Every structure is written in structure tokens, then in C-alpha cells.
Amino acid sequence: MVQSSVLGFPRMGALRDLKKANEAYWADKISQADLLAEGKRLRLAHWKIQKDTGVDIIPSNDFAFYDHILDHIQLFNAVPDRYTSQKLSPLDEYFAMGRGHQKGGVDVPSLEMVKWFDSNYHYVKPTLQDNQTFSLAKDPKPVREFLEAKEAGIQTRPVLVGPVTFLALGKADRGSSVDPISLIDKLVPVYVELLKALKAAGADSVQIDEPILVFDLKPEVKNAFKPAYEAIAALGSAGPAITIATYFGDIVHNFDVLPAFANLQGIHVDLARNPEQLEAVIKQLGPKQILSAGVVDGRNIWKNNFAKSIAVLQSAIKALGPDRVVVATSSSLLHTPHTLASEKKLPADVYEWFSFASEKVKEVAILAKAVTDAESVRAELDANAVALKSRTESTRTNDPKVKERQAQVTPEQHDRKSEFDTRYAQQKTHLSLPLFPTTTIGSFPQTSEIRVQRNKFTKGEISEQAYDDFIKKEIDLAIQIQDELGLDVYVHGEPERNDMVQYFGERLQGYVFTTHAWVQSYGSRCVRPPIIVGDISRPAPMTVKESKYAASVSKKPMKGMLTGPVTCLRWSFPRDDVHQSVQCQQLALALRDEVVDLEKNGIFVIQVDEPALREGLPLRKGAERDAYLKWAVDSFKLATAGVEDSTQIHSHFCYSEFQDFFHAIAALDADVLSIENSKSDAKLLKVFIDEAYPRHIGPGVYDIHSPRVPTEAEFKQRIQEMLEYLRPEQLWINPDCGLKTRKWDEVKGALTHMVNAAKYFREQYTKA
Ligand SMILES: CN1c2c(nc(N)[nH]c2=O)NC[C@@H]1CNc1ccc(C(=O)N[C@@H](CCC(=O)N[C@@H](CCC(=O)N[C@@H](CCC(=O)O)C(=O)O)C(=O)O)C(=O)O)cc1
Ligand SMILES: N[C@@H](CCS)C(=O)O
Ligand SMILES: [Zn+2]
């Protein structure tokens, strides 16, 4: 019998219940016991959805209060001393690593958080020491949650992140130089102990995620699989049956690793993204090994194409037999919203095209039946074919005017009028900026008052005029605070924006948007990606009103604020029927018009944020990566090159891993770059010297993810370190990213220290 399986379910709950509970706990509004109870309620609810749908293999330990990699850091007692020494409760220690802790006399910053593969989810980086040891935490979470499900009458398959992936995604702590993968022999015994404990608790099978296998791996990482999985397989009947799960790419280039799994039960591959690997993977399986076929896409919201999936599954069944094939989601469903059923405002035709997490769970269950007895699910198969046909034939998808404009794009439209030196000479006079100019990245705190007013406006409870007046008052406040702080380039604070992508999606033709389709981005923070369903165009200016108003009441240069084409594409749910380069160029043309309109309205500094540029990079080096970089960079340039030399284009990236990507960033030809850097070693900036980068850079000096307020001395030290790698004339002083998640008192405190530190260096260098 073909079985069905889900690799992981979203944690937030239908109404972002976990977000609300976490934030209430952090604000001391609920107790630890209340939060733990809410976690338990959500886990049970999610298992039940899957059980009631008829899924055979249901995951446990996919839940996390903050992040599943952070769970593993605590599970393996790999918590740096600076946290353990605080003697916090395990839950508070966990949150301290995720978001920093600054209360009750404890002051400890968070661990670094980075992007999970090519998704918009962020994980906490394992941060390891030269003398690192590992041991199994007391009352291990995977065992506890397995037993919790068992008690509720639900047999689950616990999910663990594999030892190689855990280490390969880690880094040496500041002051240590250990290569994380060299710790494999120390870590594996802890897995062995954990697997024994899971088996003893009644877990027959376990899913071990090794998604690192989709990357190009250095030999040390590849070589780590063999000893690790031989030790695990040696458990034999003392341990559970193991399925190794890979996702977000193919694993063909790492087939030489597969013998390490020869004695394990099965392998899961992502056939939604890479169906072409099927035949090759089948050939690699041992005579009894099971193939977990990930045909239901865990990364998009499109209804599965049943006919296509059934064809893929049938060819696997033909080769392996029904007992050796499992129908699965391609990855965890963490990256999809909870349920389509909550969407009451989507146009009826479009509604039929989508499938969110709860619907995808149904899809795996239906597919498992379809390949065994199609008649038993005939109605579902027919309905699926009708929905797919309606999308193919819909007039929503095609706009001839957009196509016509795309056909007229010329190479010259991608380049600024002059080179940087000429541009900068004009900008310097035009903007009269000091040495070490200070600025922020765009957003200021999205207070609950702002959200309440927006909510009222959306519901029609207040008029457009009243909402506009409210936004103007917020902008006035932001400007008054920037005056007090003494910043040099101002922002209007983005109070009118719900989100930097959703806001633009709501103003562009070709998009639809949802009311409840939240996806976790990090910790308690969620995003509601708008959905691209057709060709994109800009019916009217999107940001001019607010920026123009802000400039009119500001005595310093006002920075216009746009989200770049690649980021609009990546942080939306894109179409799957048109190449992403085409969608990106459509977005670029819409943004080009916006950039030119801002300039016409007196905005002479314009920041076009592209934080998703890197995450879109195909995970493996090669032709696919080069092709992506060409269209991604071209889109940014097309969006920004329509302005005069005297207008300064900024771009912003909130990630620090830019070294292998440096040439793409340089190719954008932005006058000023701001990049996340506060949690990284300043020596990463060396690439800017090595490559003789001519333009200006603002490496972040303030970790905006943490409520902690850095001291002035910390800012000074950071700037001093940066000056070892950057010329004083090219250095801007700014936070890592926007400040929308922070509170005003944190922002005022931190920016006061930041501006004072910048002034200190300005004075030093002016004297010299
Ligand atoms: C820069 N980042 C972003 C990423 N992706 C994006 N799409 N956007 C980003 O900014 N990826 C990388 C990083 C991740 N960082 C963040 C930072 C902050 C958030 C965040 O704060 N998310 C908010 C939700 C934002 C939003 O859309 N808000 C809406 C709706 C607000 C709301 O909850 N409304 C209530 C009713 C109102 C009330 O009474 O309070 C409701 O609907 O129930 C808005 O402001 O209007 C979050 O809260 O998590 C995300 C990623
Ligand atoms: N301008 C945006 C960039 C976030 S990446 C902000 O400040 O929130
Ligand atoms: Zn950012």
C-alpha cells in the first residue's frame, strides 16, 4: 500500500496563535505555564488536522516556539556559556539565544540568525567553540513531543535535523576557530542516545533532515556522512527506522554520499522542484529502501497538478512496487499558510487555484489513494482537473500591454547616465552630506496604534481622509525624532506600510492578496506574501504621496523607499506558469516608473531594497546561478537607472553573507549600499578593499532583531573595526535593517548612541 506523509506542518496556528502567545509571554502578560499550554494546544490541533485527513505518516518535533535549529542547539547542550551562565529557565535561555535578553540584570545579545536555504524563513546559527562538547538535554523535546502525541492517540514520526546539516549550518563563535564539521564525532553519540530514547518511547520511525545534501559540499562535509550514519545504523533494532529527508534541490551531485545510508529505511527527495532526479535516485536505492516522493510542493500555494504527480508516482511504483513508495510533501509545510479555508475575500475563480498547508495535507492523502484506487477519489481528481483548466484559460493571467512594454526594453535603459565618480560629485553638492553620514533603513516602529488605525481603515471604520491625516501625524513624529537624534539622511518611517512587499503587491495589477495567509519569517514574526497571478503593471504611483509630504516637512534630505523587483518577486508567492525573470522584469518596469516619479516630486535620495536578491540565488554554483544573476541584476538596474546623476540611489541587503555574491552586489551600481553586519566579523568587509569597491557602504552597526540597546562604546568599537577595511569617505553609519519591530524607546536609545559614535569619529577625522 502506498502511504502518505507530511514532512512538517506550520507552527503559528490559523490565527497566528503562537505569535500572540510568544509576544504576550515576552511582555510578561502570560506565564510560562500559559505559553507551554498554548504550544501543546497547537501541536495537538495540527496533529489532528493531519490525522483526520487520513495522512499515514505525521511528523512530531516539527513544532518550535522560536526556531527548530535553536531547539536542536538546546537539545544537544550546545548553548554558549554566555547564556548558560545567566541561570535562566530553559525557556528563557532559549529565547535569550533567539532574541537577546536585557532584563533583571541580565544583558546578553542574541545568536546570529540567517536565511534557511533559499526561503524567507530564518534560523538561528549554531555557534560553536574550540572546546565544544555535546550532550543530550534532560527530558529531550523530541521524546517529550512524541509521547504527547502518543497520549493523544496519534502515532507520529519525530523529525530531527541531521548531524551533518546541523554542523554544516553552524559557525565558530567569535574568538574560536573550530571548523564545525570537525565536531561530527563528538555530536553523533548524542544522536545515537536520542534515537535509542525515541525507540524506547515507542517511535518506530524517525525522519532525519539532511537538506545540506542539495548544496555543493566540501570534502570534509561529504566525508562526515559515512561515520555518522554508520554509527546510527549500527543501532539496528535498538533504534527506529530512519528516513533521510532532502529538499529544495536535487541530490544527484552527491550520490557518492548515499552508501552512507545503505542500512537506513528510506530517502526522501524533492520531486516538486526536481522531478528529473527520480530515475537516477531510484537506481541508487538499496533493494529494500523506500522512496519518499515529495510531489506536493511545500514552498508554494498552487494547487497540485494531480495528473502530473500521479504520472511521477506511477513511474516510481512501477520501479519499486507500492510498498516502497511514500507520497509526501516536498519539504516541511512551514513555508505555506495554515489554511485556505480562512480566505473569505479571494475572487471565487482564483480561490480554486490555491492550496495552503491544510489543503496540501489533503492532497498527499488523495494522491496516495489515487495511485492505488483512482475511483475511490474520482470526484477529487475531476475537481482538480477543472481547477487547473480554469487557471490556464483565465483572462487574469495575460495583459498584452505589459508584454508590449517588455518587448521594447533596451540595453541602454539598464545603465545610469554617468559613472559613479561623476554622479557622486553632483550628489555631494546637491545633498551636502557630512563625513560618516548617519541614516536608518526605512521603517520606524509599527506601533499597535498604527496597526489599529490601519485595521480600522481596512474595515471601513475610518475614512481615507482620517487615515491619511493619521499617517501624516506619524510622519511628522518620525521627522521630529530624527531632528532630535541629529541623523543626516531622513526616512519617512513607512507607517503607511503593512509590509515592504505586501504593500506594493496591493498596489500593483496582477496580484491578489489574502487576509489570513501568514507564514513565519522568524521567531514570532510573520509575513503575508501577496500572490502573483497575472502580468504585473502599476496603475498609479504607490509611494509618492507619503514621501513628498515627508520631504516637504523635513530640513534634511528625505530618502524615498521602495522594495526592489527581485524582493517583490521572491517574497510574494510567484506564478509557476511564467518564468521568474519575466515576472521580475514586469516588476522592474513598474518600479522604474515609481523611481522617476519620486525624483520628479523632489526626492533625490531613493533606496531600493533588495534583501531577497541573495536568497534567490540557485543553491548550487553553475549556469543556473549565472542566469539568475543576470536577470536579477538587470531588473534592479532597469528599475533604478532612469534618474539623473545628482539623484543618489541606495540599496539595502539584510544579510551578511555577501562574499560569494560580491560581484552581483557591485554590478547593481548603487551609489550607497547598506548591509547587515552587526553580528558578523568586520573582517568580512575585507572583500570591499580586495575588490577596490569604489562606491559607498553602510555596514549595519545595530542588530535590530534584538530589543537590546547597544552601548555607545559598542558602536564605537564596531565603527573602529570597520575602518580597518573601509575608507572613511565611503563609510555610512546605519542599523542592520529597518526598525519596525522595535519599540520607540529602544530605537531612540540605540540611535542616540549610534549618532554619538558617528559624531565622535567625524570629529576625530575632521581634526586629523
Ligand atoms: C525584512 N524582512 C522582511 C521579510 N519579508 C517580508 N515580506 N517583509 C519583511 O520586512 N523577510 C526578511 C525580514 C524579516 N523580517 C520581518 C520583520 C518584521 C515582520 C513583521 O513585523 N511582521 C508583522 C506583520 C506585518 C503586517 O503585515 N502587518 C499588518 C497586519 C497587522 C496585524 O496583525 N493586524 C491585526 C489587526 C490589527 C491589530 O489590532 O493589531 C490582524 O490582522 O489580526 C499591518 O501592519 O497592517 C508581524 O506582526 O509578524 C516580518 C518580517
Ligand atoms: N525599508 C525596509 C527594509 C527592510 S529589509 C525597512 O526599513 O523595513
Ligand atoms: Zn532589511
Side-chain angles (χ1 to χ4, degrees), residues 12-20 22-23 99 113-116 119-123 335 342 439-459 461 467 471 474 478 491-506 513-530 543 547 559-564 566-573 606-616 650-656 673-678 698 700 702-705 734-743 747:
M12 282 293 150
L15 297 169
R16 288 180 297 160
D17 316 57
L18 180 59
K19 170 198 174 63
K20 290 170 191 163
N22 270 336
E23 291 179 359
R99 58 193 298 274
M113 200 170 54
V114 292
K115 285 286 161 111
W116 179 243
S119 77
N120 195 6
Y121 177 78
H122 305 63
Y123 72 93
H335 314 283
S342 303
T439 190
T440 58
I441 305 304
S443 57
F444 278 133
Q446 283 272 326
T447 57
S448 52
E449 173 66 358
I450 294 180
R451 291 201 166 140
V452 165
Q453 292 299 325
R454 182 158 44 248
N455 198 23
K456 283 190 181 165
F457 173 52
T458 314
K459 287 186 181 152
E461 289 169 15
Y467 183 64
I471 294 295
E474 288 295 316
V491 295
H492 76 285
E494 306 180 24
E496 77 289 7
R497 302 188 189 176
N498 42 18
D499 171 72
M500 61 185 285
V501 171
Q502 192 189 337
Y503 181 80
F504 288 92
E506 286 169 1
F513 30 90
T514 60
T515 49
H516 291 78
W518 295 99
V519 179
Q520 186 180 11
S521 181
Y522 70 88
S524 69
R525 296 289 169 177
C526 300
V527 293
R528 199 164 34 168
T543 64
S547 285
K559 197 161 48 158
M561 198 56 62
L562 301 174
T563 304
V566 184
T567 301
C568 280
L569 175 79
R570 296 280 322 166
W571 291 354
S572 303
F573 284 117
I606 302 172
Q607 181 176 306
V608 178
D609 295 325
E610 277 296 19
L613 192 70
R614 190 185 194 289
E615 105 198 6
H650 289 220
S651 188
H652 159 71
F653 309 91
C654 33
Y655 44 76
S656 50
L673 295 179
S674 66
I675 51 179
E676 175 174 331
N677 201 250
S678 74
Y702 167 25
D703 170 24
I704 55 79
H705 288 118
N734 47 257
D736 275 346
C737 181
L739 299 162
K740 61 187 163 202
T741 58
R742 299 276 49 88
K743 297 199 164 59
V747 165

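No experiment lies behind these values; they were computed from the predicted model shown. The first residue in the sequence is number 1, and the count goes up from there. One-based numbering, in listed order, for ligands and for the atoms of each.
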Give the numbers and elements of all ligand 2 atoms closer than 4.0 Å to a heavy atom of [X].
X	value
M561	1 (N)
H652	3 (C), 5 (S)
G442	7 (O)
P611	5 (S)
C654	5 (S)

In terms of atom number and element, which parts of ligand 1 are under 4.0 angstrom from non-hydrogen atoms of V527?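 Numbered from 1, ligand 1 contributes 5 (N), 6 (C), 7 (N), 8 (N), 50 (C), 51 (C).
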Using a strict cut-off of 4.0 Å, indicate which atoms of ligand 1 neighbour a heavy atom of K740.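 Those qualifying, in numeric order: 9 (C), 10 (O), 17 (C), 18 (C).
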Going by heavy-atom distance to atom 43 (O) of ligand 1, choose the closest among K456, Q502, R16, R742.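 Residue with the shortest heavy-atom distance to the ligand atom: R16.
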Which option wins on minimum heavy-atom distance to atom 40 (O) of ligand 1: E449, K19, R451?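 The option holding the nearest heavy atom is R451.
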With backbone taken as N, CA, C and O and side chain as the heavy atoms from C-beta onward, which portion of N498 lies under 4.0 Å from ligand 1: side chain, backbone, both, or neither?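 Answer for N498: both.
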Looking at [atom], what's its closest protein heavy atom, distance included?
atom	result
atom 8 (N) of ligand 1	D499 OD1, 2.6 Å
atom 36 (C) of ligand 1	N455 ND2, 3.3 Å
atom 45 (O) of ligand 1	R454 NH2, 2.6 Å
atom 4 (C) of ligand 1	W571 CZ3, 3.1 Å
atom 21 (O) of ligand 1	R525 NH1, 3.0 Å
atom 30 (C) of ligand 1	W518 CH2, 3.8 Å
atom 11 (N) of ligand 1	N120 OD1, 2.7 Å
atom 6 (C) of ligand 2	S443 OG, 3.3 Å
atom 4 (C) of ligand 2	M500 SD, 3.3 Å
atom 15 (N) of ligand 1	Y522 CE2, 3.4 Å
atom 2 (C) of ligand 2	D609 OD2, 3.3 Å

Under 4.0 Å, heavy-atom basis, I'd like to know which part of C737 is in contact with ligand 2: side chain, backbone, both or neither.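 For C737, only side-chain atoms sit under 4.0 Å from ligand 2.
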Can S678 and D703 be counted as having a side-chain donor-acceptor contact under 3.5 angstrom?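 No - no donor-acceptor pair under 3.5 Å links their side chains.
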Test your reading of the model: is there a side-chain donor-acceptor pair from [X] to the backbone of [Y], 3.5 Å cut-off?
X	Y	value
E610	T567	yes
E494	Q446	no
S651	L673	no
Q607	I441	yes
N734	T440	no
S443	L739	yes
T563	M500	yes
R99	H705	no

Taking all atoms of both residues into account, what is the closest heavy-atom pair of [X] and [Y], and its distance?
X	Y	result
P529	A517	CD-O, 3.8 Å
R454	P495	NH1-O, 2.8 Å
F504	C568	CB-SG, 4.3 Å
V747	R742	CG2-CB, 3.6 Å

[X] to ligand 1, any heavy atom closer than 4.0 Å:
X	answer
H122	yes
R497	no
C526	yes

Do T543 and H492 touch side chain to side chain, with heavy atoms closer than 4.5 Å?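 Counting from C-beta outward, T543 and H492 never come under 4.5 Å.
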